[in-house]
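In what follows, every chain begins at residue 1, and chains take the letters A, B, ... in the order their sequences are listed. Side chains are part of it too, since the values below use all heavy atoms of this structure and drop only hydrogens, waters and symmetry mates. Bear in mind that the values here come from a model prediction, so they are computed numbers and not experimental data.
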There are 2 protein chains.
Amino acid sequence: MQLSSEGLSKHEAVYRALREAIVNGRYGPGDRLVLSVIARDLDVSPVPVREAMRRLEAESLVTFERNVGARVNTLDGEAWEQLVEMLALLDGYAVVRAQRRITPAALDEAQELNDALRDQAAGPTDHERVMSLHRRFHRVIYACGDNEYLIESLDSLWDRIDASRVLASEYPAKRLASAVDEHDDLLRQLRARDVSPAELERCTRQHSLNAILAIRGRLR
Amino acid sequence: MQLSSEGLSKHEAVYRALREAIVNGRYGPGDRLVLSVIARDLDVSPVPVREAMRRLEAESLVTFERNVGARVNTLDGEAWEQLVEMLALLDGYAVVRAQRRITPAALDEAQELNDALRDQAAGPTDHERVMSLHRRFHRVIYACGDNEYLIESLDSLWDRIDASRVLASEYPAKRLASAVDEHDDLLRQLRARDVSPAELERCTRQHSLNAILAIRGRLR
DNA sequence: GACGCCGGAATCGTATACGATTCGTCGAGG
DNA sequence: CCTCGACGAATCGTATACGATTCCGGCGTC
């Protein structure tokens, strides 16, 4: 692991490095995060590492056990579903907010990302790329919603979901194909501008909840 | 300030003490949190205090400025409205989840809290008590929703809103009276069980958004 | 052979120490 | 009297040190 050493304080650099490693799966659920090891790896003292880990703890990415140490958080099936349910809620609302504000440029960008996603669905699955495209697609729309806290919460939720590795390991190719179609529908609705907000929200929520249905039963 | 010294690690105790002080307004928005001062106050070294503050930072209750120090977060009018808008979203959903699960006991408890709130609305306003009753009312309902992350997020949102002191200083007595009536309506709807979830959600959302309307203009 | 106890290694939690940065103030020069 | 610079106090950020707790493996006993 390496520190991006651009005038950041060390705890900040450690924080970013650890977070990135957890969200991208280089540390998986249940993995131990030993202070002294990480400190040696990154060539800092344990103090800033502890600060970084406290922040990660507050974000529910890691869990501390007193006098034992920290581990990357693990989600059981139920917890995972509850998280995605919240994602569905926030995402649905973000889309409604975006409905009135979205620009043609943003619509085009989202369309491109979804087209790229469709290509991925056709070929052999590169999970990392799929997850990245998928998130970027949704994030383009969130950005139009123009509510900083909403975006922040959505990012945090996505990070926790990514960190759980459930999507990376259990997302069926078949579901991806459906998701791409649902994205197209969503963009159509946003372009048309004649869909009622309530209907748009209901529909978008369902899109997220479909991920639960597609994966339910695969966990545990 | 004092530490509740029950087998907690020191950073945990400091964290709770600081958080409580911020949410209850003993530290107000913009107040400085000087490490060495707090450490001396609580009779610990600065190290655990820093850990506690990093957690508070991650929860957006305080903001650090490098080499300068930490302050209790300040919300401008727009940020405050965005937060309450998110509260409306989550709260509305929590109520819908609670609709199917709520017990007569919970309904009674909520009714008692709202009755107490009505008493407060009549007499001279004790803001702290009003805020406490109000939160407890909503929390009883959240608990029935049975989604741990939803509850966690709602608590975190309420803490940020309380910490901003906007409600404590700007909530009009008139609005409190209306809110009490809306609470009664909500309980009626929950008891009746014949309201559609969509309608219940719309209605509950509006209840939270009314707080924005009541306060808009008073800020800044 | 199974069980429990003991001791050392690993790791955490906190205190202390100290260099680095910022901010305010005071004095000199204009 | 105002402006600018320099110095000192306050505060932060990080390293190091060390006691406390937990974990684990080996040894003795039954």
Side chain of [X] (C-beta onward), nearest among [options]:
{"X": "B:Pro48", "options": "D:dT11, C:dT14, C:dC12", "value": "C:dT14"}
{"X": "A:Val68", "options": "D:dT16, D:dC23, D:dT11", "value": "D:dC23"}
{"X": "B:Ser9", "options": "C:dG13, D:dA15, D:dC12", "value": "C:dG13"}
{"X": "B:Glu51", "options": "D:dT14, C:dT11, C:dT14", "value": "C:dT14"}

Query raised in the report: Taking five pairs at each end of the helix from C:dG1-D:dC30 to C:dG30-D:dC1, what angle separates the two helix axes (nearest 10°)?
Result: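 That helix has its two terminal axes inclined by roughly 0°.
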Partners meeting salt bridge (Lys or Arg N to Asp or Glu O under 4.0 Å) with [X] (sequence neighbours left out):
{"X": "A:Asp115", "result": "A:Arg118"}
{"X": "A:Glu128", "result": "A:Arg165"}
{"X": "A:Glu20", "result": "A:Arg26"}
{"X": "B:Arg54", "result": "A:Glu51, B:Glu57"}

Query - N or O in side chain of B:His11 less than 4.0 angstrom from C:dG13 OP1/OP2 - result: no
Query - N/O (side chain, B:Ser45) to phosphate O (OP1/OP2, C:dA15) under 4.0 Å - result: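 The answer is yes; a side-chain N or O of B:Ser45 sits under 4.0 Å from OP1 or OP2.
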Requested in this report: Assign each of A:Glu65 and A:Val44 to its nearest nucleotide of DNA chain D by heavy atoms, then name whichever residue's nucleotide is nearer the 5' end.
Outcome: A:Val44
Query raised in the report: If you look only at pairs with a residue in residues 7-18 of chain A, which of them pass as a salt bridge (Lys or Arg N to Asp or Glu O under 4.0 Å), with sequence neighbours excluded?
Result: A:Glu12-A:Arg16, A:Glu12-A:Arg55
For residues 85-105 of chain A, dump all side-chain donor-acceptor pairs below 3.5 Å to protein atoms at least two apart in sequence or in another chain.
residue, atom, partner, partner atom, Å
A:Glu85, OE1, B:Arg97, NH1, 3.0
A:Glu85, OE2, B:Tyr93, OH, 2.7
A:Glu85, OE2, B:Arg97, NH1, 2.4
A:Asp91, OD2, A:His138, ND1, 3.3
A:Asp91, OD2, A:Tyr142, OH, 2.5
A:Tyr93, OH, B:Glu85, OE2, 2.7
A:Arg97, NE, A:Gly145, O, 2.8
A:Arg97, NH1, B:Glu85, OE1, 3.0
A:Arg97, NH1, B:Glu85, OE2, 2.3
A:Arg97, NH2, A:Gly145, O, 3.1
A:Arg97, NH2, A:Asp146, O, 3.3
A:Gln99, NE2, A:Val195, O, 3.0
A:Arg101, NH1, A:Arg97, O, 2.7
A:Thr103, OG1, A:Ala106, N, 3.1

Check nucleotides 17-21 of chain C for protein N or O atoms closer than 3.5 Å to its own N or O atoms and list the pairs.
residue, atom, partner, partner atom, Å
C:dT21, O3', B:Asn67, ND2, 3.3

Could you tabulate the donor-acceptor pairs under 3.5 Å formed by side-chain atoms of residues 37-48 of chain A, not counting sequence neighbours?
residue, atom, partner, partner atom, Å
A:Ser45, OG, A:Val47, N, 3.3

**Report entry** Between C1' of C:dA15 and CZ of B:Arg50, the distance in whole Å
**Finding:**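 Distance, rounded to whole Å: 14 Å.
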